[in-house]
Amino acid sequence: MAVIAGAALALTACAGSSPVAVNAPPGASSMNVRIGTDGDESKPMKVSYTCPGSGTGSVCGPETIEGHWAKTLNAPVGTALWMQVERADPNSSGTTPNCWISDESGGKVYIKDAKGTCVLRVEPAPPS
């Protein structure tokens with residue numbers, strides 16, 4: 001229960017601005033997206049993100065990583081994906097790692113944030 005409440009609070013806190021919306025392909029009930037960070041290989045980071053398909057507000061992580069990291073997620077239509085990257089040691093110096101969410105190929109970046117928090121909402125395709 002604490003994890004769900006924490007995820008809901010994190011999503012609310014990180015979504016100060018509206019999430020970036022992207023339309024799923026026509027007729028699709030979900031779409032694949034990539035989440036990632038272009039982190040510093042010399043400084044460990046923690047990554048947490050929404051676990052799509054595992055219940056409302058479920059959070060995966062934090063995973064401790066170093067350097068560039070990416071993961072493909074299958075997001076159902078109507079899902080808000082949240083991702084946060086932070087330094088594993090909050091006392092270490094340096095900038096906050098960035099985060100990004102892109103299409104499955106990584107060719108089209110939907111959102112990139114230099115402060116380490118990204119939110120994307122998968123919407124149904126518009127009527128044709």
Side-chain angles (χ1 to χ4, degrees):
M1 185 67 170
V3 170
I4 293 173
L9 179 62
L11 182 56
T12 302
C14 296
S17 59
S18 297
V20 172
V22 63
N23 291 326
S29 60
S30 66
M31 68 182 280
N32 288 338
V33 296
R34 287 188 61 79
I35 63 173
T37 180
D38 302 319
D40 183 341
E41 291 183 18
S42 66
K43 298 191 189 308
M45 298 169 291
K46 290 190 297 187
V47 177
S48 299
Y49 53 92
T50 307
C51 297
S54 60
T56 304
S58 295
V59 173
C60 288
E63 294 179 28
T64 301
I65 61 167
E66 291 183 12
H68 180 82
W69 175 89
K71 183 172 197 115
T72 300
L73 302 176
N74 182 266
V77 169
T79 299
L81 294 176
W82 162 83
M83 176 188 179
Q84 183 169 358
V85 183
E86 57 191 349
R87 292 187 305 271
D89 177 1
N91 297 318
S92 69
S93 62
T95 59
T96 301
N98 72 1
C99 67
W100 49 263
I101 302 176
S102 72
D103 66 356
E104 186 175 17
S105 73
K108 180 175 183 181
V109 176
Y110 300 124
I111 182 172
K112 186 169 187 171
D113 186 281
K115 298 196 184 327
T117 301
C118 293
V119 182
L120 178 116
R121 182 155 183 86
V122 179
E123 299 288 348
S128 40

Distance col, row Glu63:CD vs Trp69:CH2, nearest 0.5 angstrom, shows 5.5 Å
Residues at least two apart in sequence or cross-chain that pass side chain to side chain donor-acceptor pair (under 3.5 Å) with Trp100, listed by chain then number, are Asp38
Residues passing the side-chain contact (heavy atoms from CB on, under 4.5 Å) test with Pro62, sequence neighbours excluded, are Lys46, Ser48
Note: Ala125 and Ala24 closest approach over all heavy atoms is CB-O, 3.3 Å
- With a 4.5 Å heavy-atom cut-off, do Ile101 and Val22 have their side chains touching? no
Hey, are the side chains of Cys118 and Ile35 touching, using non-hydrogen atoms and a 4.5 Å cut-off?
no
Side chain to side chain, Arg87 and Pro97, heavy atoms closer than 4.5 Å
yes
Could you tell me whether the side chain of Pro25 reaches within less than 4.5 Å of the side chain of Met31, counting heavy atoms only? yes
Residues at least two apart in sequence or cross-chain that pass side chain to side chain donor-acceptor pair (under 3.5 Å) with Lys71, listed by chain then number, are Tyr49
Contacts of Glu66 meeting side-chain contact (heavy atoms from CB on, under 4.5 Å) (sequence neighbours excluded), chain-then-number -> Pro44
The reported gap from CZ in Arg34 to CD in Glu104 (rounded to nearest 0.5 angstrom) is 8.0 Å
Residues passing the side-chain contact (heavy atoms from CB on, under 4.5 Å) test with Pro127, sequence neighbours excluded, are none
Correct closest heavy-atom pair for Gly67 and Met45 would be O-CE, 3.3 Å
Taken in chain and number order and not counting sequence neighbours, the residues that satisfy side-chain contact (heavy atoms from CB on, under 4.5 Å) with Ser30 are Asn74
Correct closest heavy-atom pair for Pro126 and Asn23 would be CD-ND2, 3.4 Å
Distance col, row Met83:CE vs Thr50:OG1, nearest 0.5 angstrom, shows 10.5 Å
Rounding to 0.5 Å, atoms CG (Asp89) and OG1 (Thr64) come to a distance of 11.5 Å
Thr37 side chain vs Asn98 backbone, donor-acceptor pair below 3.5 Å: yes
